[in-house]
Amino acid sequence: MTLASKYDPQAVEDKWYQYWTDHRMFHSEPDSRPAYSIVIPPPNVTGVLHMGHMLNNTIQDVLVRRARMRGFNAVWVPGTDHASIATEAKVVNFLKEQGIDKKDLTREQFLEYAWQWKEKHGGIILKQLRKLGASCDWDRTKFTMDADLSEAVTDIFVDLYNKGKIYRGVRMVNWDPKALTAVSDEEVVYKELQSKLYYVRYAIEGEPGEYITIATTRPETILGDTAICMHPEDERYAKYKGKRAIVPLVNRSIPLIYDEYVEREFGTGALKITPAHDINDYNLGIKHHLETINIFNDNGTLSENAQFLVGMDRFEARKAIIPMLEEAGSLVKIEDYTNKVGFSERTNEVIEPKLSLQWFCKMDEMAKPALKAVMDNHIKFYPEKFKNTYSHWMENVKDWCISRQLWWGHRIPAYYLPNQEFVVAHNVDEALNIAKQKYPELNLTKDDLKQDEDVMDTWFSSWLWPLSVFDGIRKPDNPEIKYYYPTSALITAPDIIFFWVARMIMAGIEWRGDIPFKDVYFTGTVRDKLHRKMSKSLGNSPDPIMLMEKYGADGVRFGMLLSSPAGNDLLFDESLCEQGRNFNNKVWNAFRLVKGWTVDANLPQPPHTKVAVEWMRERINEVLTDMEEDFANYKLSEALMAIYKLVWDDFCSCFLEIVKPGFQQPVDGKTFSDITNIFETLVTIMHPFMPFITEELWHALRDRADGEALMLSQMPDVKPVNKSLLDDFAATRSIIEQVRHIRSEKNIAPKNALTLMVHDERPVNEELEAVIRKLANVDKIEHVAESTEVQGASFIESQTKYSVPLEGLVDAGEEIKKLQAELKYAEGFLQGVLKKLSNERFVANAPQNVVEMERKKQADAEEKIRLLKEQISKLQ
RNA sequence: GGGAGCAUAGCUCAGCUGGUUCAGAGCACCUGCCUUACAAGCAGGGGGUCACAAGUUCGAAUCUUGUUGUUCCCACCA
């Protein structure tokens with residue numbers, strides 16, 4: 001059989017994914033095994049895979065595959081989120097391209113288009129996840145607007161309303177004039193902008209020639225001003241107490257008010273108040289009983305109330321009003337100014353504070369147990385530092401604005417009656433019944449009920465996700481929710497800790513009395529190597545699909561994981577994937593080597609092979625032990641690095657080199673079977689990280705029946721580590737390295753065999769010496785008296801002197817120089833140790849074992865110095 | 001403005017309750033090698049006053065305080 005010297009992932013990956021899914025190996029049903037469950041953070045239904053998803057989902061897949069291989073009944077529930085604002089914006093744009101305006105459509109027509117769009121473009125991301133190797137239980141795929149999940153959302157709304165935790169109220173909300181909807185505080189991102197500060201003077205009523213100058217970044221809102229506010233102790237303005245001012249252009253008379261809210265140092269110390277268009281002004285408006293004049297339409301254009309520039313966009317109006325103010329003699333000056341402006345996260349439109357009637361969900365009561373669950377480590381955060389962020393938010397939680405003025409989403413189940421009252425119910429029939437009971441005099445029919453036009457915030461369905469995917473809200477006693485809930489771990493990004501993580505915890509406790517997950521692993525942000533966030537607009541984000549085509553899914557998974565300790569940002573660089581690909585190739589070639597051997601069952605197992613097999617098994621055991629701890633702490637990158645070194649350094653560079661038969665020689669049967677077993681163990685350990693290549697090799701190593709798979713195999717058990725074998729072998733490897741070092745230094749070709757003299761006549765381990773012979777290419781190991789003089793190079797390992805005779809190859813002068821340098825270092829080292837030991841307080845206070853250690857150091861150093869001195873004197 | 005975190009080799013990071021796991025790993029770099037799987041490779045090698053300054057201690061990368069730099073979160077002063 002000839003195998004290509006380069007591993008080709010393309011040929012392998014699709015085949016095995018097909019095999020796994022054909023045999024429904026990702027599917028899980030409740031049974032007697034312990035459950036391990038993860039629900040995917042549902043990506044936007046219209047989203048495409050980006051690097052953040054790659055990281056997040058690779059981690060989930062590693063955890064799920066590992067759990068599956070450790071005897072758990074593991075399930076990973078996939079699905080998508082309807083993402084109301086983002087999806088509706090996409091559909092609106094799509095329709096616009098078709099020449100259709102949303103305004104011309106009825107709600108039903110629009111939703112029909114939206115569903116069509118979703119069917120056509122939705123779920124691409126789930127297909128892309130298959131390429132990554134994601135072992136999701138696809139039979140369980142959910143969508144937040146599926147009928148059953150939607151029903152659950154309505155149930156929850158009604159339940160909260162009945163509990164008095166949902167109310168309707170007029171509030172200042174963050175208005176997105178592009179999407180024409182309110183958005184929550186969490187959906188507003190503040191950006192620093194270069195803008196201008198305009199100084200405008202307002203005439204004092206009844207005092208000709210007297211003015212108050214204010215400073216504002218939004219001169220167009222002057223048209224909605226209803227007061228000017230100054231600090232009560234500001235002497236500059238004390239004389240105007242009780243007077244009124246005239247708003248420029250509109251000539252409205254407004255009161256002068258005094259409040260400590262105003263910073264005297266900022267601008268002129270006088271602040272114009274527009275209660276309709278600024279949250280702080282609004283609060284001052286309430287306090288001082290001011291009039292509220294809303295000068296904007298919902299789309300951000302000026303309304304009739306503004307009197308001027310009616311119909312003009314707010315940013316156009318800002319420019320247009322300047323010459324008008326100038327002409328009126330009101331503009332004093334303009335300064336450059338940097339300020340922060342809120343943008344809608346979804347549409348990138350500047351947020352307009354707006355007063356409106358919205359639905360709110362009370363948070364304070366639900367927040368309390370949710371906070372406690374995390375602070376008491378009932379739910380564990382990895383890394384722990386996010387507990388701080390979490391508690392800070394939870395302690396200052398504000399009510400949640402849950403209504404959105406959109407069509408795509410879960411419609412608010414409130415029904416308005418002709419008498420301006422409303423009822424909240426699961427459906428229109430129920431609403432009618434309730435309404436009839438409440439208002440029998442109205443003689444209501446279904447046609448009299450008008451359902452609220454708004455939908456709910458997307459997160460109002462996402463916060464139920466761990467419950468609703470197992471139908472735990474509609475049927476709280478069903479076997480699925482009982483078996484899989486609480487889920488084992490949540491893998492997500494820290495930027496949705498409030499949006500999603502906190503609210504899921506509240507929902508879990510509120511409706512099931514139990515936390516939704518035991519562990520939360522926060523991934524870092526994927527950045528480029530210049531530390532910039534990966535984003536579409538910067539164009540610094542590679543296409544994951546292209547990457548997987550180039551390096552293989554296993555290679556990219558390796559690259560993502562190697563550098564992503566929990567919570568740390570991942571500085572992504574293609575070279576990481578390259579390293580992953582190289583590793584895959586290394587494993588592939590190790591397989592090629594072993595596959596190429598012929599086996600002679602009659603041959604005995606050579607001694608160096610026997611010890612190497614024992615050692616390799618022990619090393620694997622050691623790594624498995626370390627990995628237990630790494631996984632317990634979600635240190636996936638460290639676990640992967642341990643495997644990487646185990647396979648590359650120990651298995652390939654050391655083990656295979658020892659057991660490798662001579663050129664075109666057969667290998668003995670025992671060794672071949674040992675190697676096959678070891679190889680099989682290694683691919684098993686690697687499988688959660690690199691599922692494809694390992695499945696391929698697992699099948700190539702032995703004949704397997706159809707339906708067998710590595711992904712369903714069990715991880716090897718962990719046994720206590722035999723430390724002395726590992727230590728002895730490490731010392732042997734050190735001797736080999738030093739012989740090789742001599743070789744490299746003296747330019748002796750690897751094929752020229754050397755003699756190694758051991759200056760120690762005590763009996764030795766024959767097997768380990770055989771290893772030295774093979775790896776250092778030593779044909780003779782001679783045991784001689786310690787004082788035997790050898791012309792050549794030497795070194796000391798574990799208090800024993802070794803030398804390599806090199807007649808004529810050694811420059812005595814050079815050698816002496818080197819030895820003297822070594823001697824000098826050893827003497828310095830000894831000095832340090834002696835100084836410590838002569839310090840009475842050290843000897844008295846330090847623990848016994850530390851003092852012992854220092855004594856041993858002293859003995860070692862003294863022995864080394866003696867040997868070095870002896871050697872130098874012989875060379876002289 | 002308030003809070004939290006971080007600062008260790010050129011880069012990315014490990015280093016637990018102070019003491020042989022104490023200065024480490026991977027990558028990058030340098031020097032030899034087409035040595036019977038792999039040049040996507042093999043062998044060998046050089047890199048760090050552990051940000052700075054004080055303090056605690058017999059002993060500090062590790063604990064305390066301050067300084068500087070940096071990242072993130074919250075607030076949103078017009």
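Just so you know, these numbers use all the heavy atoms, side chains as well, and skip hydrogens, waters and symmetry mates. In what follows, every chain begins at residue 1, and chains take the letters A, B, ... in the order their sequences are listed.
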Heavy atoms only, 4.0 Å cut-off, all strands: where does [X] land among base, sugar-phosphate and nothing?
X         : answer
Glu737(A) : sugar-phosphate
Val262(A) : base
Lys857(A) : base
Tyr199(A) : nothing
Gly342(A) : nothing
Asn585(A) : base
Leu571(A) : sugar-phosphate
Lys272(A) : nothing
Arg740(A) : sugar-phosphate
Asn845(A) : base
Asn280(A) : sugar-phosphate
Gln579(A) : sugar-phosphate
Pro661(A) : nothing
Asn339(A) : sugar-phosphate

Can you sort out the partners of [X] under ring pair (Phe, Tyr, Trp, His ring centres under 6.0 Å), two or more places apart, ordered by chain and number?
X         : value
Tyr282(A) : none
Phe343(A) : none
Phe558(A) : Phe583(A), Tyr644(A)
Tyr261(A) : none

> Nearest nucleotide by nearest heavy atom, which residue falls closer to the 5' end of RNA chain B, Phe498(A) or Lys6(A)?
Replying inline: Lys6(A)
> So which one's nearest nucleotide on RNA chain B is more toward 5', Glu638(A) or Trp393(A)?
Replying inline: Glu638(A)
> How about Phe651(A) and Ile678(A): do any of their side-chain heavy atoms sit closer than 4.5 Å?
Replying inline: yes
> Which nucleotide of RNA chain B is the first, and which the last, in the 5' to 3' direction, to come under 4.0 Å of a heavy atom belonging to chain A?
Replying inline: rA4(B) to rA78(B)
[atom1]-based separation of [M] from [N] [nearest Å]:
N       : M       : atom1 : value
rA60(B) : rG47(B) : P     : 25 Å
rU49(B) : rG44(B) : P     : 26 Å
rG24(B) : rC16(B) : C1'   : 15 Å
rA14(B) : rG5(B)  : P     : 16 Å
rG10(B) : rU56(B) : C1'   : 36 Å
rC63(B) : rU12(B) : P     : 23 Å
rA7(B)  : rA39(B) : P     : 40 Å
rC6(B)  : rA51(B) : C1'   : 11 Å

For [X], enumerate each residue passing the side chain to side chain contact (heavy atoms under 4.5 Å, CB included) test, keeping only those at least two apart in sequence or located in another chain.
X         : value
Arg592(A) : Leu3(A), Ser5(A), Trp588(A), Asn589(A)
Val599(A) : Val667(A), Phe672(A)
Lys856(A) : Asp860(A)

>> Can you pull out every salt bridge (Lys or Arg N to Asp or Glu O under 4.0 Å) where at least one residue sits in residues 732-744 of chain A? Sequence neighbours excluded, please.
In response: Asp650(A)-Arg733(A)
>> So that I can tick it off, tell me whether Asp336(A) and Lys196(A) are bridged by a salt bridge, with the cut-off set at under 4.0 angstrom between side-chain N and carboxylate O.
In response: yes
>> Could you check whether Arg314(A) pairs with Glu352(A) (Lys NZ or Arg NE/NH1/NH2 to Asp/Glu carboxylate O, under 4.0 Å)?
In response: yes
Quick one: side chains of residues 838-845 of chain A, donor-acceptor pairs under 3.5 Å with protein atoms, not counting sequence neighbours, listed by atom name and distance.
residue, atom, partner, partner atom, Å
Ser838(A), OG, Leu834(A), O, 3.1
Ser838(A), OG, Lys835(A), O, 2.9
Asn839(A), OD1, Arg841(A), N, 2.9
Asn839(A), OD1, Phe842(A), N, 3.4
Asn845(A), ND2, Arg841(A), O, 3.1

>> Does rG47(B) count as syn, meaning its glycosidic angle lies within 90° of 0, or as anti?
In response: syn
> Is the glycosidic angle of rU21(B) within 90° of 0, making it syn, or outside that range, making it anti?
Replying inline: syn
> Can you say whether the rings of Phe689(A) and Phe631(A) are parallel (under 30°), tilted (30 to 60°) or perpendicular (over 60°)?
Replying inline: tilted
>> For RNA chain B, please output the secondary structure as dot-bracket, reading 5' to 3'. Pairs are Watson-Crick or G-U wobble, both atom distances under 3.5 Å; mark crossing pairs with [ ], other-strand partners with |, unpaired with a dot.
In response: (((((((..((((.....[....)))).(((((.......))))).....(((((..]....))))))))))))....
> Of the residues in residues 643-658 of chain A, which ones touch RNA chain B at a heavy-atom distance under 4.0 Å?
Replying inline: Tyr644(A), Lys645(A), Trp648(A), Cys652(A), Ser653(A), Glu657(A)
> Is the count of non-hydrogen atoms from other residues, nucleotides or ligands lying under 6.0 Å from Lys380(A) atom NZ greater than 12?
Replying inline: no
